[in-house]
Undergrad: 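Here's a structure for you.
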Amino acid sequence: PVSLCGNWDMVSNVNFEGYMIALGISLYTRKIALKLKHRKVIEQVGDQYVVKTLSTFRNYTFSFRVNEEFEEFTKGLDLRHCKSLVTWEGNKLVCIQEGEKKNRGWSHWIEDDKLHLELHCEDQVCKQVFKRV
Ligand code: RET
(Lines give C-alpha, C1' and ligand atoms only; values in the text may rest on other atoms or scores of the structure.)
Protein backbone atom coordinates (compact mmCIF):
# COMPACT_ATOMS: atom_id res chain seq x y z
CA PRO A 1 0.00 0.00 0.00
CA VAL A 2 0.89 3.68 -0.35
CA SER A 3 3.06 4.94 2.49
CA LEU A 4 1.32 6.87 5.24
CA CYS A 5 4.59 8.53 6.19
CA GLY A 6 4.96 12.26 6.10
CA ASN A 7 3.52 15.44 7.52
CA TRP A 8 -0.20 15.94 7.26
CA ASP A 9 -2.44 18.87 8.17
CA MET A 10 -6.05 18.49 9.19
CA VAL A 11 -8.67 19.62 6.70
CA SER A 12 -11.79 18.18 8.32
CA ASN A 13 -12.86 16.68 11.62
CA VAL A 14 -16.36 15.25 11.94
CA ASN A 15 -17.77 14.24 15.34
CA PHE A 16 -14.55 14.71 17.29
CA GLU A 17 -16.85 15.99 20.06
CA GLY A 18 -18.79 12.70 20.20
CA TYR A 19 -15.55 10.72 20.26
CA MET A 20 -14.14 12.85 23.08
CA ILE A 21 -17.37 12.52 25.09
CA ALA A 22 -17.21 8.72 24.68
CA LEU A 23 -13.66 8.86 26.08
CA GLY A 24 -14.81 10.96 29.02
CA ILE A 25 -12.68 14.00 28.10
CA SER A 26 -13.62 16.98 30.27
CA LEU A 27 -15.76 19.80 28.93
CA TYR A 28 -12.88 22.24 29.41
CA THR A 29 -10.47 20.15 27.32
CA ARG A 30 -13.13 19.44 24.68
CA LYS A 31 -13.80 23.14 24.18
CA ILE A 32 -10.14 23.75 23.43
CA ALA A 33 -9.56 20.53 21.49
CA LEU A 34 -12.49 21.15 19.15
CA LYS A 35 -10.89 24.34 17.81
CA LEU A 36 -7.54 22.75 17.06
CA LYS A 37 -6.12 21.92 13.67
CA HIS A 38 -4.04 18.80 14.23
CA ARG A 39 -0.88 17.98 12.36
CA LYS A 40 -0.16 14.29 11.94
CA VAL A 41 3.46 13.27 11.56
CA ILE A 42 3.96 9.63 10.64
CA GLU A 43 7.47 8.23 10.54
CA GLN A 44 8.75 4.76 9.94
CA VAL A 45 12.13 3.58 11.17
CA GLY A 46 12.73 -0.03 10.21
CA ASP A 47 9.50 -1.80 11.13
CA GLN A 48 8.70 0.70 13.86
CA TYR A 49 6.11 3.43 13.29
CA VAL A 50 6.01 6.68 15.22
CA VAL A 51 2.77 8.66 15.02
CA LYS A 52 2.65 12.19 16.36
CA THR A 53 -0.52 14.22 16.71
CA LEU A 54 0.63 17.79 17.17
CA SER A 55 -1.38 20.85 18.13
CA THR A 56 -0.80 24.21 19.80
CA PHE A 57 -2.51 22.87 22.93
CA ARG A 58 -1.16 19.37 23.45
CA ASN A 59 0.64 16.62 21.57
CA TYR A 60 0.13 12.90 21.57
CA THR A 61 2.85 10.52 20.36
CA PHE A 62 2.94 6.77 20.28
CA SER A 63 4.90 4.11 18.46
CA PHE A 64 4.34 0.53 17.49
CA ARG A 65 5.31 -2.34 15.28
CA VAL A 66 2.67 -3.78 12.98
CA ASN A 67 1.33 -7.15 14.24
CA GLU A 68 2.92 -6.66 17.68
CA GLU A 69 0.71 -5.91 20.66
CA PHE A 70 1.91 -2.95 22.73
CA GLU A 71 0.95 -1.19 25.92
CA GLU A 72 -0.53 2.19 25.12
CA PHE A 73 -1.00 4.87 27.75
CA THR A 74 -3.11 7.70 26.42
CA LYS A 75 -1.17 10.45 28.15
CA GLY A 76 -2.72 13.86 27.61
CA LEU A 77 -5.97 12.30 26.33
CA ASP A 78 -8.12 10.15 28.62
CA LEU A 79 -5.19 8.71 30.63
CA ARG A 80 -6.10 5.08 30.07
CA HIS A 81 -4.04 1.98 29.53
CA CYS A 82 -4.83 -0.10 26.45
CA LYS A 83 -3.45 -3.25 24.94
CA SER A 84 -3.21 -2.08 21.37
CA LEU A 85 -2.58 -3.96 18.17
CA VAL A 86 -2.04 -2.51 14.72
CA THR A 87 -2.44 -4.60 11.59
CA TRP A 88 -2.85 -4.03 7.87
CA GLU A 89 -6.29 -4.89 6.54
CA GLY A 90 -5.95 -4.41 2.81
CA ASN A 91 -4.90 -0.78 2.36
CA LYS A 92 -5.97 0.19 5.88
CA LEU A 93 -3.75 0.37 8.92
CA VAL A 94 -6.12 -0.74 11.67
CA CYS A 95 -5.69 -0.49 15.43
CA ILE A 96 -7.70 -2.17 18.14
CA GLN A 97 -7.27 -0.57 21.56
CA GLU A 98 -8.40 -3.08 24.11
CA GLY A 99 -9.15 -1.73 27.56
CA GLU A 100 -11.84 -0.19 29.67
CA LYS A 101 -13.65 1.35 26.68
CA LYS A 102 -15.63 -0.90 24.37
CA ASN A 103 -15.11 -0.84 20.62
CA ARG A 104 -12.12 1.46 20.80
CA GLY A 105 -9.74 1.83 17.89
CA TRP A 106 -8.86 3.66 14.70
CA SER A 107 -7.94 3.10 11.10
CA HIS A 108 -5.78 5.03 8.69
CA TRP A 109 -5.74 4.93 4.93
CA ILE A 110 -4.88 7.05 1.91
CA GLU A 111 -7.52 8.06 -0.57
CA ASP A 112 -7.15 10.72 -3.28
CA ASP A 113 -3.73 11.72 -1.85
CA LYS A 114 -5.39 12.50 1.48
CA LEU A 115 -4.78 10.76 4.78
CA HIS A 116 -8.00 9.49 6.32
CA LEU A 117 -8.36 8.63 10.00
CA GLU A 118 -11.44 7.09 11.51
CA LEU A 119 -11.51 7.00 15.29
CA HIS A 120 -14.11 5.02 17.14
CA CYS A 121 -15.09 4.48 20.75
CA GLU A 122 -18.27 2.87 22.02
CA ASP A 123 -20.99 4.03 19.60
CA GLN A 124 -19.13 7.12 18.37
CA VAL A 125 -17.21 7.50 15.14
CA CYS A 126 -15.01 10.49 14.35
CA LYS A 127 -13.75 11.04 10.82
CA GLN A 128 -10.68 13.14 10.12
CA VAL A 129 -9.03 13.99 6.81
CA PHE A 130 -5.53 15.41 6.33
CA LYS A 131 -3.66 16.83 3.38
CA ARG A 132 0.07 16.60 2.78
CA VAL A 133 2.10 19.58 3.96
C1 RET B 1 -5.37 16.24 21.14
C2 RET B 1 -5.49 17.56 21.91
C3 RET B 1 -5.84 17.33 23.33
C4 RET B 1 -7.16 16.65 23.47
C5 RET B 1 -7.31 15.48 22.57
C6 RET B 1 -6.48 15.26 21.49
C7 RET B 1 -6.71 14.02 20.75
C8 RET B 1 -5.84 13.26 20.12
C9 RET B 1 -6.14 12.02 19.50
C10 RET B 1 -5.18 11.43 18.78
C11 RET B 1 -5.30 10.20 18.11
C12 RET B 1 -4.32 9.79 17.33
C13 RET B 1 -4.33 8.58 16.57
C14 RET B 1 -3.44 8.43 15.62
C15 RET B 1 -3.39 7.31 14.78
O16 RET B 1 -2.58 7.18 13.95
C17 RET B 1 -5.44 16.62 19.68
C18 RET B 1 -3.98 15.67 21.41
C19 RET B 1 -8.46 14.55 22.91
C20 RET B 1 -7.46 11.39 19.66
C21 RET B 1 -5.31 7.53 16.84
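Counting starts at 1 for both ligands and their atoms, in listed order.
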Undergrad: Out of the candidates Arg39, Lys40, His38, only one should pair with Thr53 under the side chain to side chain donor-acceptor pair (under 3.5 Å) rule; please name it.
TA: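 Passing option: Lys40.
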Undergrad: Check the orientation of Phe16 and Tyr19. Use parallel for under 30°, tilted for 30 to 60°, and perpendicular for over 60°.
TA: parallel
Undergrad: When clusters are formed from ILVMFWY side-chain contacts under 4.5 Å, directly or step by step, what else is grouped with Val129?
TA: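 Val11, which link up through side-chain heavy atoms under 4.5 Å apart, make up the rest of the cluster.
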Undergrad: Short N or O contacts of ligand 1 with protein, under 3.5 Å, listed by atom name?
TA:
from: ligand 1; atom 1: 16 (O); to: His108; atom 2: NE2; distance (Å): 2.7

Undergrad: Should the ring pair Phe64 and Phe70 be called parallel, tilted or perpendicular, given that the plane angle runs from 0 to 90° and is split at 30 and 60?
TA: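 Taking Phe70 first and then Phe64, their aromatic rings lie parallel (interplane angle under 30°).
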Undergrad: Does the structure place the NZ or CZ of Lys92 under 6.0 Å from the centre of the six-membered ring of Trp109, at an angle of no more than 45° from the ring's axis?
TA: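 Ring-cation test returns yes.
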Undergrad: For Ile96, does the CD1 atom have more than 12 heavy-atom neighbours from other residues, nucleotides or ligands under 6.0 Å away?
TA: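 No, not enclosed.
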